Structure formats: structure tokens, C-alpha cells
Peer 1: 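Sharing a structure, written as C-alpha cells. Questions coming.
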Amino acid sequence: MSSEIRVRFAPSPTGALHIGGVRTALFNYLFAKKNDGKFFLRIEDTDLSRTQEGAEEHIKNSLEWLGLSWEKQVIRQSDQRDLYLHHAKQLIDQKKAYYAFDTPEDLSRLRDELQEQKSAHQHYNALVRVRMRNSLTLPEEEVKDLLEKGVPRVIRFKIDPRHSYAFDDLLRKKIKGHGSALEDKILIKSDGMPTYHFAHVVDDHKLGISHVIRGEEWLPSTPLHGLIYKALEWDLPSWVHLPLILDPHGRGKLSKRNLNANDELPLYLQEWQGIKGFKELGFLPEAVINFLGSLGYRPGPSEEEFFSLTDLEKAFSLSGLAKTSVKYDFAKALWFNEHYIQSCSPDKLLALLQVLIRSRPSKDKVLDPKLQKLLQDENKTRKICELMQKRVHRLPLILENFPLLRTLSEEEKTKYTADIKSLLHNQIPPTWKKQEKAKRMRELRRVLTGQEQGPDLKGLLQCWGESQIFTS
RNA sequence: GGUCCGUUCGUCUAGGGGUUAGGACGCAUCCCUUUCACGGAUGAAACACGGGUUCGAUUCCCGUACGGACUACCA
């Protein structure tokens with residue numbers, strides 16, 4: 001076979017794609033791009049009960065938003081259950097796997113028992129299988145009978161406890177495992193669907209995957225996966241286990257339940273079941289790429305902090321990957337986004353803001369009528385962008401933080417008209433003494449906006465325009 | 001409990017047998033400015049611990065501690 005680089009991202013459609021998964025997808029994609037390889041998407045929907053409506057679309061939309069493209073051929077595991085069954089039966093014929101008829105109650109009793117005995121390894125293994133109901137212990141006739149009657153059964157992989165095994169991980173040293181610490185894992189569940197362990201091996205082989213780049217949570221089961229490859233007499237892929245993204249305090253894997261309710265950190269790229277993602281919060285895809293690409297990755301000893309997807313595609317190397325898990329630092333994500341908002345051209349920023357205004361969910365706060373009026377004028381909108389560009393780290397803040405115009409009392413109008421008119425003509429009012437400019441400006445800002453601080457006051461006045469200021 | 005992985009400022013990291021251990025985020029102070037922000041400057045802040053190996057270890061080896069992952073007919 002060829003030495004072509006072929007990688008895949010294989011999420012389960014059990015919910016929204018979260019940023020840990022996105023990062024895994026990103027590194028797979030980059031590795032493929034850098035090496036002129038192929039990047040596949042595979043939907044791992046072997047657990048029918050957990051598959052969620054819309055999740056597959058959500059995953060695809062998220063990747064698309066970031067600009068990650070995948071091979072047209074998308075594999076869905078639920079479409080090919082016969083394939084897995086075929087290979088599992090092949091293993092049974094070769095005595096490398098066996099049928100097991102234990103009921104859930106049997107297994108639960110077993111677990112309790114092993115726990116009580118404080119057994120070193122609390123597994124369905126070589127020590128245990130000899131006293132359970134399976135095709136290794138039951139008479140051949142009875143097994144045949146049970147199978148014919150359609151009694152629920154699973155297919156388990158037979159682990160030889162006497163051997164120890166070692167496999168390579170490109171990021172680490174050898175991954176070592178002892179047969180005695182491994183379990184006779186289930187390959188095919190009683191509903192006929194394969195487990196992850198079996199399905200992904202079959203599919204990765206079929207797709208000719210050269211490198212399995214996935215999260216570190218799979219490291220402990222990699223010896224099992226290697227053993228399955230060997231049992232099937234297939235070539236092993238190279239493994240790369242990416243360190244995990246931990247919650248901000250490093251207390252555990254980043255997940256919804258690990259976050260405090262008041263953390264308000266986005267976990268998704270795009271909205272899912274009412275929870276806003278990076279996109280809805282006003283992040284640019286460039287910022288998210290840069291942020292995720294800097295979590296556990298450095299392009300080299302360069303001190304450059306900013307890189308685009310294209311930069312990464314050109315330069316990506318596995319040697320830049322860190323071995324240590326990283327904490328989710330949202331402040332850094334905001335900083336990247338601020339940078340990319342600041343570097344937008346006026347046209348681009350205007351376009352982004354217009355998309356935002358159009359897609360604004362109705363349940364969000366209603367905009368101030370005066371602001372709304374400004375937004376109907378493209379030149380005014382452009383001015384708003386100009387005034388706010390250097391002041392926000394998320395797009396919607398351009399609107400949310402834009403100072404509102406107070407309604408002036410008649411008395412105030414009389415008092416400030418001359419000053420306002422001067423400033424509208426870009427001139428400091430002639431009646432102001434030089435040393436009181438700051439004081440006057442502050443006073444005027446307070447009168448007009450009710451705030452002590454904000455964007456350039458002259459700019460604000462010109463944006464609002466004379467008629468709005470006085471006719472309200 | 002068992003198995004596996006990891007440990008450089010609070011966070012992301014660079015580095016690597018001899019360095020003033022470098023950068024970035026965040027934080028603080030100052031400058032700029034009509035204010036805030038932006039920008040600029042400066043500052044505080046790290047090699048988990050103990051043993052080896054070595055002339056010398058933060059860097060290599062071994063332990064310990066700590067952290068994380070896994071331990072489902074979930075992925």
C-alpha cells in the first residue's frame with residue numbers, strides 16, 4: 001500500500017460538538033493538509049439510544065464554520081452493522097473471540113463479588129470467564145441451541161493474560177500493557193451493534209487510516225485496540241494521543257457538568273439547545289483557530305503568537321504538540337478575538353456587524369430606538385464600527401456598549417447647544433478656556449450619555465447627528 | 001482499589017548538562033489621551049520534592065508527592 005497520510009475525525013452524534021473535539025478535528029485536519037493527505041469524517045453512531053437528532057448537522061456546521069473541510073465520503077457506522085458482524089464472526093471461528101450469554105444481573109453480581117474480594121483487576125477476564133455462561137464453558141450443543149433460539153448474547157474478545165504488549169505513541173514513549181490488566185471487551189453488543197473499540201478498528205482499517213489522532217482518554221484502551229488489529233492480521237496505524245483540555249481550574253476533563261453555572265464559558269462552536277457557542281457570542285473563526293491551535297501546540301521556538309489556518313496548514317508538525325493537558329483559559333480566547341476584530345478592515349467589520357444585526361435572536365434585548373435608527377444608515381453603522389472597533393473583544397459588544405443618547409431637557413439644550421454645534425464642526429468651542437477642556441468634555445459626555453467614559457465624544461456627536469441630538 | 005499518562009511563572013508555553021530560565025495572556029504601575037479603551041514602557045511572578053549520574057543538573061535516571069485519564073452491552 002501507499003504511504004499516504006490518511007486521518008479521520010470520528011465524533012459520536014450524541015450531542016453538540018464541544019471544543020475538545022474541535023481541537024482534535026483541527027489537529028487531524030492540519031496533519032493531513034501539511035502532508036498532502038486526506039481528512040475523513042466518520043459518524044460513530046453505534047449507540048442508537050444516545051444518538052441525538054440534529055447532532056450530525058451540528059458537527060458538520062461547526063467544522064464548516066471554522067473552515068475545516070473533509071473528504072466527501074462520510075461514513076456512518078450504523079449503516080454497516082453487517083461488516084462488523086462479519087469480522088467478529090471471523091474472530092470467533094479463529095477462537096480469538098467467543099459468545100457470552102451472561103445477563104445484566106449476572107454481570108452486576110460478578111462486579112459486586114470482585115469488589116468484595118478486592119481483586120486486583122475487576123474485569124471479565126481469563127480468571128472470570130471460566131465460570132461464566134459463554135461459548136468457552138458451555139457444551140457445544142447448548143451454545144448452538146442458544147444461538148438458534150436467539151437468546152441475547154454478546155461477542156467478547158479473548159485476551160491472553162500471559163503476554164505483555166507494547167505499542168508506540170508518536171507523542172510519548174511506548175504504551176505498555178499487560179494482558180492480565182485487560183478485559184475481554186465486548187466487540188458486538190446484544191443489539192447486534194459493535195462497540196466503539198471494535199467498530200473504529202474495522203473502519204480505520206477499511207479507510208486505510210495511517211494515523212489515529214485522538215484524545216488521551218483512549219490511551220488506556222490502545223493496547224486492546226492494537227490486539228484487535230493483530231487478531232484480524234491487519235497493519236497497525238500510528239497513534240497520537242492528544243492531551244486533554246481541562247476545566248479552567250484543572251479539576252477534570254472540560255465538560256458541562258465540570259463548569260460552574262456562573263462560569264458562562266462557551267463549550268461549543270455554535271448554538272446547541274439554546275446554549276450559545278463561540279459564533280453567537282461574537283467570535284471570529286480565525287480567533288477560535290488561533291486559540292485552539294495554541295492550546296498544547298507551538299509551531300516552533302518563534303515568539304509569534306498569531307497564526308492563521310493557512311499558516312498552520314503549511315507549518316504543522318506533530319513535534320509541536322505538548323504532552324501535558326491544558327486548562328481552558330477563556331481570557332486568552334477573548335484576547336485573540338479582540339486582536340482579530342481590531343485587524344478587520346472597515347468593510348469586513350461592517351459586513352460582520354450587519355450579519356449580526358440580521359441574525360439577532362428576537363429574545364435578545366431590544367435595541368434602543370435611537371441606535372436602531374442609526375443602524376438603518378450604512379454610513380452611520382460604519383461610523384459606529386469605527387468608534388467601537390478598538391473597544392470590544394466580542395462582536396455584539398459593538399452594539400451593547402455603544403453609548404446611548406439621553407433626551408436633553410430644554411434647559412440643557414439651551415445651555416449646551418453652542419458647544420455641541422462647535423464639536424459637530426470638529427472645533428473646540430471658542431468659549432472654552434484651554435485648561436478646562438477636559439472638564440467640559442467630561443461634563444458634556446455626562447449630559448449626553450449619562451456615562452463617565454466611552455468613545456471619542458466628537459466622533460459620537462457626529463455619528464448621532466444634530467437632528468437626533470436636539471429633536472428628541 | 002487497579003492500569004496508564006503527565007508535572008517550567010496563576011494560565012498557555014520556549015529552552016535545555018553551565019542561561020540574568022525567554023515570550024504571550026492575565027495582574028500592577030507609568031506614559032499617551034476629553035474619559036475609558038487602544039497603543040507604548042516598566043514591574044511582580046516558574047523549573048513539585050528527595051535521591052542518584054556528573055566538575056556541574058531545571059535539563060539525564062530512579063523513587064515520592066501531586067494532578068489527570070481509564071476501569072459500561074457510552075463513546
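None of these values were measured; they are calculated from a predicted model. Order of the sequence lines fixes the chain letters, A, B, ..., with proteins taken first and strands second; residue numbering starts at 1 for each chain.
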Peer 1: Just by protein heavy atoms under 4.0 Å, how would nucleotides 19-31 of chain B read 5' to 3' in B, S and -?
Peer 2: ---SBBSS-----
Peer 1: Would you jot down, in residue-number order, the residues of residues 437-448 of chain A having a non-hydrogen atom under 4.0 Å from RNA chain B?
Peer 2: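 Within this stretch, A:K437, A:A438, A:M441, A:R445 sit under 4.0 Å of the strand.
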Peer 1: Taking only residues two or more places apart in sequence, or in another chain, which ones meet A:E338 in a salt bridge (Lys or Arg N to Asp or Glu O under 4.0 Å)?
Peer 2: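 Not a single residue meets the salt bridge (Lys or Arg N to Asp or Glu O under 4.0 Å) criterion with A:E338.
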Peer 1: Listed by chain and number, what are the salt bridge (Lys or Arg N to Asp or Glu O under 4.0 Å) partners of A:K118, not counting sequence neighbours?
Peer 2: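 Once residues adjacent in sequence are excluded, A:K118 has no partner under the salt bridge (Lys or Arg N to Asp or Glu O under 4.0 Å) criterion.
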Peer 1: For A:H163, give me all partners under side-chain contact (heavy atoms from CB on, under 4.5 Å), at least two apart in sequence or on another chain.
Peer 2: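 Scan of A:H163 (side-chain contact (heavy atoms from CB on, under 4.5 Å), adjacent residues dropped) gives A:D160, A:Y165.
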Peer 1: Hey, could you give me each pair passing salt bridge (charged side-chain N to carboxylate O under 4.0 Å, His left out) that has a residue in residues 290-304 of chain A? Not counting sequence neighbours.
Peer 2: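 Every salt bridge (charged side-chain N to carboxylate O under 4.0 Å, His left out) pair that includes a residue of residues 290-304 of chain A, provided the two are not neighbours, is A:R298-A:E305.
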Peer 1: By salt bridge (Lys or Arg N to Asp or Glu O under 4.0 Å), which residues pair with A:D169, not counting sequence neighbours?
Peer 2: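 A:D169 satisfies salt bridge (Lys or Arg N to Asp or Glu O under 4.0 Å) with A:R172 once adjacent residues are dropped.
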Peer 1: For A:I275, enumerate each residue passing the side-chain contact (heavy atoms from CB on, under 4.5 Å) test, keeping only those at least two apart in sequence or located in another chain.
Peer 2: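 Applying side-chain contact (heavy atoms from CB on, under 4.5 Å) to A:I275 gives A:K256, A:Y268.
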Peer 1: Do any N or O atoms of the protein come closer than 3.5 Å to N or O atoms of nucleotides 65-68 of chain B, and which pairs are they?
Peer 2:
residue	atom	partner	partner atom	Å
B:G68	OP1	A:R251	O	3.1

Peer 1: Counting only heavy atoms and a strict 4.0 angstrom limit, can you tell me which residues of residues 102-112 of chain A come near RNA chain B?
Peer 2: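 Those residues are A:D102, A:L107, A:R111.
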Peer 1: A:K437: which residues meet the salt bridge (Lys or Arg N to Asp or Glu O under 4.0 Å) condition with it, sequence neighbours left out?
Peer 2: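 By the salt bridge (Lys or Arg N to Asp or Glu O under 4.0 Å) rule, A:K437 matches no residue at all.
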Peer 1: Which residues satisfy the side chain to side chain donor-acceptor pair (under 3.5 Å) test with A:S164, sequence neighbours excluded?
Peer 2: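 A:S164 satisfies side chain to side chain donor-acceptor pair (under 3.5 Å) with no residue once adjacent residues are dropped.
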